[in-house]
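Numbering starts at 1 and runs along the sequence shown. One-based numbering, in listed order, for ligands and for the atoms of each.
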Amino acid sequence: MSTFEVRTLGCQMNKHDSERIAGVLLARGMTAAPDGEIADVVVFNTCCVRENADERLYGQVSSLAAVRRERGTIIAVGGCIGQRDGETLLRTLPQVDVVFGTHNLARLPALLDAASESRRPVIEVEDPSDGDFTSELPSRREHAWHAWVPIAVGCNNFCTYCIVPSVRGRERSRGFEDVVGEVRRLVADGVVEVTLLGQNVNSYGRDLYGDPRFAELLRAVAATGVERVRFTTSHPKDLSDETIRAMAETPQVSRHLHLPVQSGSDRILKAMNRRYTQESYLALVERLYRAMPDLALTTDVIVGFPGETEADFEETMRTVEAARFDAAFTFIYSPRAGTPAAQMADQVPREETQPRFDRLVAAVQSSALAKNLPLVGTVQRVLLEGPSKRDERVLMGRTGGNKVVHVPLTEGASARDLAGTLVDVRIDDAQTWFCMGTLIG
Ligand code: SF4
């Protein structure tokens, strides 16, 4: 077993866990398999929140069955699906050699060894509420200039559609100094941008210190010398005025907030156990815009939650229009096994949800364009990420508001050399999902 590949099926928390999986395998002496080559070990780091993750896992593992037989490739499955399904996974996917839970990353090399020696399946899934915060594992960052920094794991909210509390456990914060110390080391290592990660960053510290300390953490992280600080995800019921002030007063904190609304109907929000109302959500949005008129606001919306009527959906549309979102992840509700919502009566049929979904997507698109157009003619600070996917001569970067900006390369410049630098860009054109600009200076 000398080479590995990590395939990530999931959210940002999973991307960070994948960097840590790569880190522990590298520390054990393995190397990443070159692109296009089948590795000796393929690790699937999975999510059971996003739609299709199960299907993608089953499809991809099945397609590796022949190489596993011929070359002895070891297949490991971790993350939320590993945690949720445990032994069941070995029955439904007999090609899997190792199943590990969300809190067992550090043990992966030992589990791989055991599976390789015995050629029998190995499983290790701990109760997600047990054990320490496993942040101090080695990590192989995807980009030298960016780092994910977990500040809390787990969640205490129990939204009725969500499996996270049962697969990630109760909320556990990481020590304040531990987080700030890691960011200091990352800055010394050349990191320009950090993204603080937690299922509900706004309640950061409550379990350790009695009160949330997220606003204070934002200011302390910004003071390390890091150029840009992002964070995700925020729960509207826990986003405090103190945090809004910290965002507004700290230039390193990006002017972008992801604030999942999920629905605009109070009746549905209650059934989802979200613990805010349309009125309180929109009042929060107004406070945010008053403090930061240039804030980019993004959200998640679920269409067709059990019992949703046309009238409920109209309230969602009203909320989307009033909140002036820059983007939204939009989902048609699909039941997740093990959640209360999956047992609810009144599941809404597809012929009703699809037209609602189409209307919602159109509303988000027009809101996104309306938020982008005023950027034309302004100068934005853009963090360049590298060549754009379609054209090597065009650079792709992001503004503080997380807007994608494409910038043609100037003569003699190299897209790869410029990756990770912050530059000023004049915005020349704005489309729904990206802007075009020109490098200044
Ligand atoms: S806040 Fe709700 S949706 Fe988010 S992780 Fe917790 S339970 Fe899931």
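Between the side chains of Thr92 and Tyr58, at least one donor N or O sits under 3.5 Å from an acceptor N or O. Residues Thr277 and Asp266 bring no donor and acceptor atom of their side chains to less than 3.5 Å of each other. If you check the side chains of Ser263 and Glu308, you find no donor sitting under 3.5 Å from an acceptor. Side-chain contact, Thr316 with Thr319: no donor N or O sits under 3.5 Å from an acceptor N or O.
Atoms of ligand 1 lying under 4.0 Å from any heavy atom of Pro165, numbered from 1 in the order shown and given with element: 7 (S). Counting atoms of ligand 1 from 1 in the listed order, those under 4.0 Å from a heavy atom of His235 are 1 (S).
With hydrogens and angles ignored, the 3.5 Å screen pairs a side-chain donor or acceptor of Arg141 with a backbone N or O of Ala144.
Within the structure, the closest approach of Arg168 to ligand 1 does not fall below 4.0 Å when heavy atoms are considered.
By the criterion of a heavy-atom distance under 4.0 Å, neither the backbone nor the side chain of Pro260 is placed next to ligand 1. Residue Cys155 touches ligand 1 through its side chain alone, judged by heavy-atom distances below 4.0 Å. When heavy-atom distances to ligand 1 are checked against a 4.0 Å cut-off, Phe158 comes that close only through its backbone atoms N, CA, C and O.
Between Pro260 and Ser234, the shortest heavy-atom contact is CD-O, 3.1 Å.
Protein heavy atom in closest approach to atom 3 (S) of ligand 1: Tyr161 OH, 3.6 Å. Summary of contacts: the protein heavy atom closest to atom 2 (Fe) of ligand 1 is Cys159 SG, 2.3 Å.
A side chain to side chain donor-acceptor pair (under 3.5 Å) with Ser254 is found for one member of Arg381, Arg228, Arg230 and no other, namely Arg230.
Looking at Ser166, Cys162, Pro236, it is Cys162 that brings a heavy atom closest to atom 8 (Fe) of ligand 1.
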